[in-house]
Amino acid sequence: MAEYMNLILEVQPTDSEHRGYYESARQGRLVVQRCTSCGLLRGIIGAACPFCTSGGWEWEPVSGKGTIYSYEIVTQAIQPAFRDWVPYPVVLVELDEQRGVTWRWGIEDESVSLRLITNLVQRDDPTKPEDEANVAIGKRVEVTFLNLADDFALPQFRLSDEDPEHEPWQAG
Amino acid sequence: MGSESATVKGFWWIRTEYSAGSGSGTGEIVTGLKDKYCIVGIGETSYSRNSGRSTRDLGAEAVRNALADAGLHPWDVDGMINYHVGDSTLSQTIATDLGIRLDFYTDTFGGGSSTETIIGIATGVIEAGLCHTVAVYRSMNGYSGLRQGGSPGTVRPPAKVVVGPDLDTTPYGITSPAQNFQFTFARHMYEYGTTSEQLAHVKVACSNHASNNPRAYYNKRVTVDDVLDSRWIVKPACHLLDCCIETDNATCVIVTSTDRARHLRQRPIKIKSVAGRVNKPFQGMYSHYQCDPITRQAGYYANRVAFRNADIAPEDIQVTGCYDAFTFTPVLLFEGYGFCDEGGGGDYVSNGTINLGGARPNNTSGGQLCEGYTHGMNLVIENVRQLRHQADDSCPGWENGVHSYDYSEGGCRQVPDAELAMNMGWGTPAVASALILGR
């Protein structure tokens with residue numbers, strides 16, 4: 001359990017999907033679920049594998065490197081504690097691992113990638129949002145951890161030193 | 001169809017049945033109920049931001065108005081379906097208030113995409129013999145009570161406990177619909193060059209239509225610049241005027257069989273087909289972002305169900321009612337249902353097509369962007385009016401279907417000779433519903 005932005009973040013005893021996630025983060029590891037049956041990773045925490053239906057999974061450390069796939073800048077906060085943060089960026093990060101897995105034989109031109117939703121925070125201070133001018137699709141990012149308790153850290157992403165994956169794009 | 005063994009370790013099925021559009025594609029025989037059921041009554045309250053009334057009171061008024069519109073007595077209605085997100089008053093209460101004894105009711109959880117879906121459920125339960133006439137309603141204090149995604153501007157409340165799937169997003173300050181959908185919008189702008197100017201045309205069209213609707217909460221015409229100059233809510237796609245108008249209201253439509261409809265007060269409007277709730281493969285509020293193309297709305301799938309069972313094509317539709325929570329949602333719905341190509345929605349909404357007087361007017365009441373936010377119900381009610389040729393504009397003969405078709409401010413809002421109309425509901429980018437109605 002941790003307190004952050006006037007929220008009490010709590011992994012309940014029955015929350016079998018989130019158990020271990022924040023503890024790993026506190027130890028500096030970003031983890032995703034790996035299916036113990038088909039071996040595929042999944043980017044959003046769930047109870048079973050969408051690829052093969054198996055309920056067996058384990059946490060798998062990943063590099064924590066990725067690319068901004070989409071973004072938003074919130075200028076009117078809904079949650080009260082975020083009002084001091086506006087304008088703040090939220091990014092959809094595509095991790096480097098397991099990109100573009102064809103879904104159902106590609107019949108509907110669909111594919112699945114590992115994508116996490118976090119804020120883009122300042123490079124030297126994960127408690128502060130990155131300047132909105134620096135947020136763009138295609139930029140490279142890396143995970144950072146906001147330590148909130150002895151057994152709880154919140155993963156966040158920040159801009160990395162790497163060159164952008166493609167010409168960065170931000171709405172004009 | 002041939003079979004092909006899946007090769008990835010752990011897959012336990014073989015590919016024998018899935019093909020493009022499986023379960024909802026061409027060539028597959030699915031029994032529809034085309035023209036067998038009708039909407040025979042519509043009712044609503046005013047649209048306000050300070051109703052000062054319970055959702056019970058609002059709901060009773062909307063259902064009563066729909067009964068009166070249909071020429072039905074309380075004892076003629078034996079079914080009720082309501083949808084809610086923990087805010088509406090439930091069926092049994094409204095039924096009791098109005099002296100209606102029910103043979104069937106259910107209260108389903110859900111917001112946008114519920115309207116079309118539960119109209120479909122109404123036809124299904126009548127077909128199954130559970131009841132014969134269903135009042136479908138929604139009641140909400142959508143501004144003064146429960147606001148979608150929460151209310152900004154309140155004093156700092158006690159710390160909120162966040163558990164379960166909310167842990168994946170709430171700590172990052174992302175909870176409201178504009179925040180939830182924005183990754184789809186931004187990626188669409190990146191991939192297809194969709195612009196804020198194009199989006200603004202959706203609002204402009206709605207405001208022009210609302211200026212001819214005395215009931216609309218906002219009935220002043222606005223310009224593209226008005227939209228672009230309004231303050232940002234979430235960049236890059238949602239200025240204040242890109243967002244719908246949250247209001248307090250209740251709404252109702254009454255569904256019965258075509259046989260019964262013949263004896264009622266209004267021209268029955270036939271239900272040609274319903275789809276809903278239709279989903280993308282990864283269908284959760286946030287999980288759908290795992291699956292490309294994230295710019296695709298689930299209408300991509302729903303259109304197969306809707307058009308197949310109605311046995312028509314998009315080009316046959318003369319009026320649309322697109323769920324306009326934001327100016328962007330119609331862009332994606334028009335693409336999903338094949339009114340234009342994927343990526344072509346920005347052009348479609350800004351080339352004049354959706355205006356009264358255009359090739360296929362959209363949201364002729366002003367929609368949720370101007371008339372009022374109802375979680376979709378008012379868009380169906382308006383299409384029923386259009387198909388009755390009774391858009392209640394300022395034309396003196398509107399009740400008799402006599403219209404000027406002069407769409408200037410304060411004038412007419414009836415689409416000439418409207419025979420086929422379509423509603424496209426939206427839950428998220430990953431959830432769609434649809435309703436095709438005919439005169």
Side-chain angles (χ1 to χ4, degrees), chain A residues 3-12 15 18 35 37-40 42-46 49-54 69-83 85 87-88 90 92 100 103-105 107-115 117-119 132 137 154 169-171, chain B residues 4 8-12 15 18-20 22 149-152 154-165 167-176 179 182-187 189-190 195-196 231-237 280-282 284 286-287 289-294 296 300-301:
Chain A
E3 195 161 350
Y4 174 66
M5 298 294 259
N6 207 36
L7 303 168
I8 295 167
L9 309 178
E10 184 179 337
V11 178
Q12 293 181 312
D15 188 353
H18 287 87
C35 175
S37 181
C38 74
L40 288 170
R42 46 187 195 260
I44 193 140
I45 291 172
C49 176
F51 296 100
C52 77
T53 78
S54 170
Y69 191 75
S70 193
Y71 77 94
E72 63 185 270
I73 309 293
V74 176
T75 59
Q76 173 163 325
I78 302 294
Q79 296 159 251
F82 280 85
R83 226 166 285 148
W85 247 39
Y88 63 89
V90 191
L92 183 64
W103 176 255
R104 293 287 191 273
W105 307 283
I107 288 165
E108 307 282 1
D109 295 323
E110 289 158 335
S111 65
V112 181
S113 298
L114 292 183
R115 297 190 182 132
I117 293 170
T118 75
N119 297 116
E132 62 173 309
I137 290 175
L154 187 70
W169 181 91
Q170 187 192 53
Chain B
E4 170 190 321
V8 180
K9 176 176 172 289
F11 287 131
W12 46 263
R15 176 183 166 185
Y18 192 91
S19 62
S22 175
S151 304
T154 52
V155 294
R156 190 179 175 100
K160 180 188 167 196
V161 177
V162 180
V163 299
L167 286 167
D168 302 337
T169 47
T170 303
Y172 303 108
I174 169 171
T175 51
S176 76
Q179 295 164 358
Q182 202 71 200
F183 295 133
T184 287
F185 300 164
R187 188 74 193 183
M189 296 171 95
Y190 164 68
T195 65
S196 289
R231 67 186 166 88
W232 282 110
I233 303 298
V234 185
K235 297 177 182 178
K280 292 177 71 178
F282 285 60
Y286 302 100
S287 59
Y289 288 125
Q290 304 293 306
C291 187
D292 280 319
I294 67 168
R296 180 184 281 170
Y300 171 87
Y301 287 99

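Chain naming here is simple, since letters A, B, ... match the order of the sequence lines and numbering starts at 1 in each.
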State, with a plain yes or no, whether a side-chain heavy atom of [X] is found less than 4.5 Å away from one of [Y].
X         : Y         : answer
Gln179(B) : Val74(A)  : yes
Glu72(A)  : Ile174(B) : yes
Val162(B) : Ile8(A)   : no

Which atom names give the shortest non-hydrogen contact between [X] and [Y], and what distance separates them?
X         : Y         : result
Asn119(A) : Pro171(B) : OD1-O, 4.1 Å
Phe183(B) : Leu92(A)  : CE2-N, 3.7 Å
Thr169(B) : Ile117(A) : CG2-CD1, 4.2 Å

Go through the atoms of [X] and report whether side chain, backbone, both or neither lie under 4.5 Å from a heavy atom of chain B.
X         : result
Gln79(A)  : side chain
Ile137(A) : side chain
Asp15(A)  : side chain
Tyr71(A)  : both

Do you know which of Pro87(A), Gly46(A), Gly43(A) has the most heavy-atom pairs with chain B at a distance under 4.5 angstrom? Gly43(A)

If you tally heavy-atom pairs under 4.5 Å between each of His18(A), Arg42(A), Gln170(A), Glu3(A) and chain B, the highest tally belongs to His18(A)

For the pair Arg296(B) and Glu110(A), find out whether any cationic side-chain nitrogen is under 4.0 Å from an anionic carboxylate oxygen. yes

Can we say Lys235(B) and Glu132(A) salt-bridge, meaning some charged N sits less than 4.0 Å from an Asp/Glu carboxylate O? yes

Separation between [atom1] of [X] and [atom2] of [Y], rounded to the nearest 0.5 Å:
X         : Y         : atom1 : atom2 : answer
Met5(A)   : Thr170(B) : CE    : OG1   : 12.5 Å
Ser287(B) : Ile45(A)  : OG    : CD1   : 12.0 Å
Tyr301(B) : Glu108(A) : OH    : CD    : 4.0 Å
Thr118(A) : Asp168(B) : OG1   : CG    : 12.0 Å
Gln76(A)  : Trp232(B) : CD    : CH2   : 13.5 Å
Ser70(A)  : Tyr289(B) : OG    : OH    : 7.0 Å

Side chain of [X], backbone of [Y]: donor and acceptor closer than 3.5 Å?
X         : Y         : value
Ser111(A) : Asp292(B) : no
Tyr88(A)  : Gly173(B) : yes
Gln290(B) : Arg115(A) : yes

Can Tyr300(B) and Asp109(A) be counted as having a side-chain donor-acceptor contact under 3.5 angstrom? no

What option among Pro293(B), Gly284(B), Ser176(B), Pro281(B) has the most heavy-atom pairs under 4.5 Å with chain A? Pro281(B)

